[in-house]
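For reference, the structure is listed below as structure tokens.
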Amino acid sequence: MKIKSFIHATVLCAAFMLGGAERGTQAADNNAFHFSGLTEANYAEGTRQYLVYMEDANTGELRNQAVWTRKTRIIEQNGEKLVEISQVWTSSTDSWNRKLYSLNRIADFSPLSHRTEHGKEGVISAYIFKDDTIVGDASIADNTKADFSMPSMPGTLNWELDMETFSLLPFELGRTFHMQFYHPGSKTGPAIYDYTVTGEEVLTDTRGNAIDCWILHIDYGDQGRSDFWFDKKSKQLIKMDETFGAHRRYKILLSVPFGPAERIRKGAD
């Protein structure tokens with residue numbers, strides 16, 4: 001029963017994230033925010049880990065505790081330097097254990113490809129991002145989404161990389177970013193979602209150190225909202241607090257690496 005309840009909550013979360021905050025259609029939006037002129041210096045290479053868990057807002061029961069390991073590095077492929085982001089999600093619920101691998105261009109963080117391996121069976125879903133279409137990557141063996149196709153538009157960003165995407169934003173109090181996102185494999189096509197810098201807050205870590213943060217907010221209407229705290233100095237996500245119905249989800253940056261030493265040294269390889 002608890003597993004069914006968690007799955008229901010996760011599906012609900014995905015539903016409102018992919019629909020509740022959408023303000024546009026699949027037509028191109030001239031007001032959409034697009035990155036440009038980024039260089040290697042804009043990217044914080046290295047490995048970061050987050051504790052991710054859900055909470056029943058009525059009972060306080062915690063569910064689906066997981067650790068997300070995310071590694072960013074600059075690589076060279078076919079003579080072009082790219083941003084490589086690899087992730088490992090480690091959870092007690094096998095269906096939510098995942099390995100993710102993404103490649104993006106440096107100058108505008110536009111996605112080139114994305115691959116996810118699901119659960120202990122390693123079920124693969126892999127995609128290629130083009131200006132007008134997102135398609136299944138037929139070159140990946142055993143890709144269950146090889147025949148996938150979704151109309152797209154220039155400037156679409158990979159929503160699986162929201163943490164890394166937001167860390168590149170030029171934060172300014174009161175500014176709203178109209179972000180053109182798509183979640184790989186979703187039936188909901190690329191659309192505009194509004195994220196606003198609504199405040200500033202100084203957080204205190206467990207050692208008593210002050211962390212001056214920007215707060216980035218998205219409103220899902222009656223369904224909920226999400227708030228993200230980004231360190232003004234490092235531009236890295238410190239924590240996220242999200243509500244949807246009777247459920248809350250949290251992401252918190254870990255200051256001490258979690259897991260076997262070999263995994264930490266290799267990051268999310």
Side-chain angles (χ1 to χ4, degrees), residues 13 17 38 40-57 59-74 83-92 96-98 100 109 159-175 177 179 195-219 224-244 247-269:
C13 174
M17 286 180 67
L38 299 176
E40 293 181 42
N42 292 108
Y43 295 92
E45 294 189 78
T47 301
R48 281 161 286 279
Q49 290 186 311
Y50 291 85
L51 172 65
V52 182
Y53 64 96
M54 298 178 67
E55 178 184 31
D56 187 307
T59 66
E61 180 184 5
L62 302 184
R63 300 172 180 171
N64 197 51
Q65 295 90 337
V67 171
W68 291 5
T69 302
R70 304 169 79 102
K71 181 177 181 179
T72 299
R73 65 175 182 168
I74 304 298
V83 184
E84 175 195 77
I85 298 175
S86 50
Q87 306 179 49
V88 174
W89 299 7
T90 306
S91 172
S92 58
W96 295 103
N97 285 321
R98 299 180 187 182
L100 305 90
F109 204 52
W159 218 352
E160 286 281 24
L161 305 180
D162 59 344
M163 294 184 188
E164 293 78 11
T165 301
F166 298 148
S167 70
L168 296 169
L169 291 174
F171 288 100
E172 180 182 351
L173 190 61
R175 182 171 180 179
F177 299 95
M179 310 294 291
Y195 290 84
T196 301
V197 183
T198 56
E200 305 169 80
E201 184 177 357
V202 178
L203 302 178
T204 303
D205 67 17
T206 55
R207 298 176 182 176
N209 300 314
I211 308 174
D212 196 7
C213 295
W214 294 111
I215 302 174
L216 187 67
H217 173 84
I218 182 169
D219 187 358
R225 54 85 193 154
S226 294
D227 291 292
F228 305 79
W229 282 257
F230 284 88
D231 185 338
K232 288 186 178 181
K233 290 184 179 180
S234 69
K235 301 288 291 290
Q236 298 306 300
L237 177 69
I238 302 300
K239 70 173 185 176
M240 183 211 75
D241 181 345
E242 178 177 76
T243 65
F244 46 102
H247 306 278
R248 299 188 73 166
R249 184 168 66 148
Y250 303 91
K251 299 176 185 176
I252 302 172
L253 178 66
L254 297 179
S255 59
V256 177
F258 168 85
E262 184 66 17
R263 182 200 303 167
I264 302 306
R265 284 196 295 269
K266 291 185 177 181
D269 292 342

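Excluded from the calculations below are hydrogen atoms, water molecules and symmetry mates; all remaining heavy atoms, backbone and side chain alike, are included. Model, not experiment: these values are computed from the prediction. Quick note: residue numbers are just sequence positions, from 1.
With sequence neighbours excluded, the residues satisfying side-chain hydrogen bond (donor to acceptor under 3.5 Å, both in side chains) with S91 are N64. In this structure, the side-chain hydrogen bond (donor to acceptor under 3.5 Å, both in side chains) partners of T196, at least two apart in sequence or on a different chain, are T176. Residues that satisfy the side-chain hydrogen bond (donor to acceptor under 3.5 Å, both in side chains) test with Y53, not counting sequence neighbours, are absent from this structure. Every side-chain contact (heavy atoms from CB on, under 4.5 Å) that E40 has, sequence neighbours left out, goes to I74, K81, I106. Judged as a side-chain contact (heavy atoms from CB on, under 4.5 Å), and not counting sequence neighbours, the contacts of K251 are V52, W68, D162, M163, M240, R249. Qualifying ring pair (Phe, Tyr, Trp, His ring centres under 6.0 Å) partners for W229, counting only residues two or more places apart in sequence or in other chains: none. With sequence neighbours left out, R48 forms a salt bridge (charged side-chain N to carboxylate O under 4.0 Å, His left out) with no residue at all. Under the side-chain contact (heavy atoms from CB on, under 4.5 Å) criterion, D231 pairs with I211, K233, S234, I238, not counting sequence neighbours. Y43 is linked by a ring pair (Phe, Tyr, Trp, His ring centres under 6.0 Å) to F109, counting only residues two or more places apart in sequence or in another chain. With sequence neighbours left out, S255 forms a side-chain contact (heavy atoms from CB on, under 4.5 Å) with no residue at all.
Q87 has its side chain within reach of L161: a pair of non-hydrogen atoms, C-beta onward, lies under 4.5 Å apart. For the pair F244/S226, no side-chain contact is recorded, criterion being any heavy-atom separation below 4.5 Å from C-beta on. You'll find the side chain of W214 stays beyond 4.5 Å of the side chain of F228, heavy atoms only. Between L100 and W89, some side-chain heavy-atom pair lies under the 4.5 Å cut-off.
Between F166 and F230, the ring planes are perpendicular. Angles over 60° get that label, and only those under 30° would be called parallel.
Taking 4.0 Å as the cut-off between side-chain N and carboxylate O, D227 and R225 count as a salt-bridged pair.
Each salt bridge (charged side-chain N to carboxylate O under 4.0 Å, His left out) pair with one or both residues in residues 198-214, not counting sequence neighbours, appears once here: E200-K232, D212-K232.
In this structure, a donor-acceptor pair under 3.5 Å is absent between the side chains of E45 and T72. Neither side chain, Y250 nor E242, offers a donor N or O lying under 3.5 Å from an acceptor on the other.
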